[in-house]
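The structure under discussion appears below in the form of structure tokens.
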Amino acid sequence: RKPRNYPPGFDGVPLLGCLPFLGPQPAKTIMEWSKTYGDVFYVKYATQNVVMINSLQAIKETMIKQGHIFSGRQHTFITKFTAGDAGLGFLDYGSVWRSQRRFGIITLHEFGVGRKCLGPQILEEAELMCAEMAKHGGQPFDCMKHITPAVTNVIGVLVFGKRFEYDDPKLLATLRLLFECGHKFPFALFYFAPFLRFIPPWKGKIDNVKKERAPMWNMITNAIEEHEATYNENSCRDFIDCFIAKMKEADDDPNDNDETASWWNKYQLFHYVKELFLGGTDTTATALRWALLLIHTNPEIAKKLKAEIDNNVTGRVKLDDMINLPYTQAVIQEVFRYRPVVNFGTMRKTSAVGTAAGYRIPKGTIVMPNIWSVHHDPVRWKNPEVFRPERHIDENGKFKKSDAVIPFNVGQRSCLGRQLAQTEIFIFLVRMMQKFDFK
Ligand code: HEM
């Protein structure tokens, strides 16, 4: 029996729920279903009901206005397997998540995120990446082969205080794992249908990730040990050092019974570091890949973009140049609108009873925003399936920042790495456009 005033929805078939009906583009299918059920409705994923939020208005109503209710996470077999139920992204809502999140924001800011001084660091990596790309001498190549290591190195510098050479086995092991996890691992399937882990071929996928992740996990463990051995409280070199400082503070105050204090430990540090790599690399690299593909397949847009950059940026690009590049900003915003990278955000769980579009959402409900449907809403976007950066330019030729383009989701639980990703995408893209023609 459904709880009172529960949203309408779709149960599908026993055991699998709606899974057999989602098709190759689930976000598009869910958007289609919203025509029948409305902005807020439930679907059964395997055996679990998930409330889908399909409009900007309902996403703001739940994730911003009722952020204290709609910001939890559920722990399942797969969150334990991939994230140890630690780190940041899979912590449930509450004081521990809040204190770890605050630490993440402050520490990233300390090392330049959200400030102009980050620009030159990223530019240095962009230069090295472009040099690798130039070695192909104009012949076709897989751009991800160069973008992913470069983006990984940006996180590496923030977290470990150093970058890797592109042929370093440690970097290559990290990239292999990113590929295994990011592209081939059906996380959502295991989240909703954990029983599949006992059944071939799904069991094989779990075993494969276990094998592939060992070198990266060892690398992080070794880096933490090296940092501990060389730690100097007068000079915090990177994210790991800042976390060690917190661990020492907590050790020095054994009377501190606050539940957040016990989370300053090595297990948490390990999972936090791992998550910055796994959450921040493939996403940013994929956004850049979409940008290159869309520029390449739209020669008029490519020409306009290149002309703007050539006319307004002298020499190496700086973050200060952004203000003079409205069309470039429009292209980036349109890439995010058109292909949002993370269509469903990350599953949220309600920590108390909430409301959405007039329905009652019980405590403990899994809720998913459909970012795709916000970005392809035909009422807001004329011809949403057309890639058209001009829609983000106003009548005076200025860039119009849109609060309806939400690739990082919104509210207190939105992406921790938003500013970092946006800076990287701007610098990498402009530098590639300065160096190459993507014909
Ligand atoms: C284009 C690049 C990126 C996109 C599209 C993206 C998107 C997202 C989305 C949709 C979420 C879920 C937020 C929610 O539940 O509402 C998220 C969470 C998160 N992202 Fe990103 N992300 C990107 C880059 C990064 C980078 C570079 C980092 C690393 C610094 C990062 C770290 C995280 C973390 C730690 C969380 C969990 C936050 C929490 O639960 O408090 N992301 N991201």
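As a basis for the values below, the full set of heavy atoms in this structure was taken, side chains included, without hydrogen atoms, waters or symmetry mates. Whatever order the structure lists ligands and atoms in, that order sets their numbers, starting from 1.
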Checklist entry - Any non-hydrogen atom of Trp97 lying under 4.0 Å from ligand 1? => result yes
Next on the checklist: So for Arg73, does at least one of its heavy atoms come nearer than 4.0 angstrom to any atom of ligand 1?
Outcome noted: yes
Item to check | Residue portion contacting ligand 1 (non-hydrogen atoms closer than 4.0 Å) for Arg418 | outcome: neither
Write out the residue and atom name of the closest protein heavy atom to [atom], then the distance separating them to 0.1 Å.
atom                    : answer
atom 34 (C) of ligand 1 : Leu416 CB, 3.9 Å
atom 5 (C) of ligand 1  : Pro407 O, 3.7 Å
atom 42 (N) of ligand 1 : Cys415 SG, 3.0 Å
atom 26 (C) of ligand 1 : Gly280 CA, 3.2 Å

Checklist entry - Considering only heavy atoms of Thr283, which atoms of ligand 1 have at least one such atom less than 4.0 Å away? => result 1 (C), 2 (C), 3 (C), 4 (C), 23 (C), 24 (C)
Checklist entry - Checking side-chain hydrogen bond (donor to acceptor under 3.5 Å, both in side chains) for the pair Thr328/Glu308: CA distance, chi angles, key distance, verdict? => result CA-CA 8 Å; Thr328 309; Glu308 181 185 74; 2.6 Å; yes
Please report whether ligand 1 has a polar contact with [X], defined as an N or O pair separated by less than 3.5 Å (distance criterion only).
X      : result
Arg101 : yes
Arg413 : yes
Asn409 : yes

Next on the checklist: Students often mix this up, so state it plainly: with edges at 30° and 60°, are the rings of His227 and Phe160 parallel, tilted or perpendicular?
Outcome noted: tilted
Checklist entry - Donor-acceptor pair, His375 side chain versus Arg337 backbone, under 3.5 Å? => result yes
Checklist entry - Going from CD on Glu300 to CG on Leu305, what distance comes out if it is rounded to the nearest 0.5 angstrom? => result 12.5 Å
Item to check | Heavy-atom side-chain proximity of Phe344 to Asn370 below 4.5 angstrom | outcome: yes
Item to check | Centroid separation Phe21 to Trp33 less than 6.0 Å | outcome: no
Checklist entry - Would you call Arg431-Glu424 a salt bridge at under 4.0 Å N-O? => result no
